[in-house]
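I have placed the structure first, in the form of structure tokens, so that the comments after it can refer back to it.
As the structure is a computational prediction, the values presented were derived from the model and not from experiment. Whatever order the structure lists them in is the order used to number ligands and atoms, beginning at 1.
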Amino acid sequence: MVLLQRCVFKRVLQQFYSGNQRHPKSLLSAGFTALPAGAGAAGRRSQATIPDIRERTLIAVKPDGVQRRLVGQIMQRFEQRGFKLVGLKMLQVSDDLLAQHYCELRTKPFYPRLLHYMTSGPVVVMVWEGHKVVQASRTMVGHTNPAEAQAGTVRGDFSFHVSRNVVHASDSLEGAQREIQLWFQKKEILSWDSCDQTFTCEV
Ligand code: UDP
Ligand code: MG
């Protein structure tokens, strides 16, 4: 009887370990470095090898969006799309930071009004990561002038005037890198593996 119990126990152990070995293999084939056995995916550092799934962009909910309680709905669109939030904070923007952020618009006639608008209350600023996230988020945000923005875009659904267009999105890879460095310190950006990334990220 004891011998039989030992045999069954040994068999269960063998199956358990061979089952565990399959898990890291499937991660490797998806382009990810294997985690140590027993390590959960969430909260671990990402070591993805597919280059452009690590593309990042800066999205900000402007003061009108915060005042109108649109932060949750805007974030939800990016989450639903499968992008990964790697940085998030709320702040009252300084004139200095804004001047750097909008340095290319310094000479525009609307610049003083833009600064006034952007400092009129807190903004929520985020870094989102994913495959072609810069281009995709520009499409999701919509035309600069909400009057011309398609329905279904953030600006097309939530605003109607260019001076109150609810949200900012970086317009190029270089712009995104510059803006992320401007708004976030390195330690404020978190690299983590989301448990659904083999479904949302694989190309
Ligand atoms: N803006 C404005 N009037 C204009 C054009 C732009 O008030 O005629 C503001 C608007 O808030 C816009 C921001 O300036 O989002 C930055 O302009 P940009 O051309 O970079 O547009 P975006 O990249 O935000 O679509
Ligand atoms: Mg712009």
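- Which of Y117, Y102, Y111, F110 comes nearest to atom 2 (C) of ligand 1 through a heavy atom is settled by distance: it is F110.
- Residues R178 and C103 have side chains in contact (heavy-atom distance under 4.5 Å, counting atoms from C-beta outward).
- Looking only at protein heavy atoms, the nearest one to atom 16 (C) of ligand 1 is L105 CD1, 3.5 Å.
- A heavy-atom distance below 4.5 Å is not found between the side chains of V86 and W128.
- The cationic group of K89 lies under 6.0 Å from the six-membered ring centre of F184 and within 45° of the ring axis, placing it in a cation-pi geometry.
- With no hydrogens or angles considered, no side-chain donor-acceptor pair links D96 and S94 at under 3.5 Å.
- Residue T144 comes nearest to R155 through the heavy atom pair CA-NH1, 3.3 Å, listed as atom of the first residue, atom of the second, then distance.
- Distances below 4.0 Å separate heavy atoms of S163 from the following atoms of ligand 1: 7 (O).
- For atom 9 (C) of ligand 1, the closest non-hydrogen atom on the protein side is L114 CD1, 3.7 Å.
- Both the backbone and the side chain of T144 come within contact range of ligand 1, each with a heavy atom under 4.0 Å.
- No part of V141 comes within 4.0 Å of ligand 1, judged by heavy-atom distances.
- At least one N or O atom of N165, backbone or side chain, sits closer than 3.5 Å to an N or O atom of ligand 1.
- When the options H168, R155, R138 are ranked by their closest heavy atom to atom 23 (O) of ligand 1, first place goes to R138.
- If you look at K62 next to ligand 1, the close heavy atoms, those under 4.0 Å, all belong to the side chain.
- Side-chain contact between S191 and R54: present, with at least one pair of heavy atoms (C-beta onward) separated by less than 4.5 Å.
- Tested against E179 for a side-chain contact (heavy atoms from CB on, under 4.5 Å), the candidates I59, V125, L58, V127 yield a single pass: L58.
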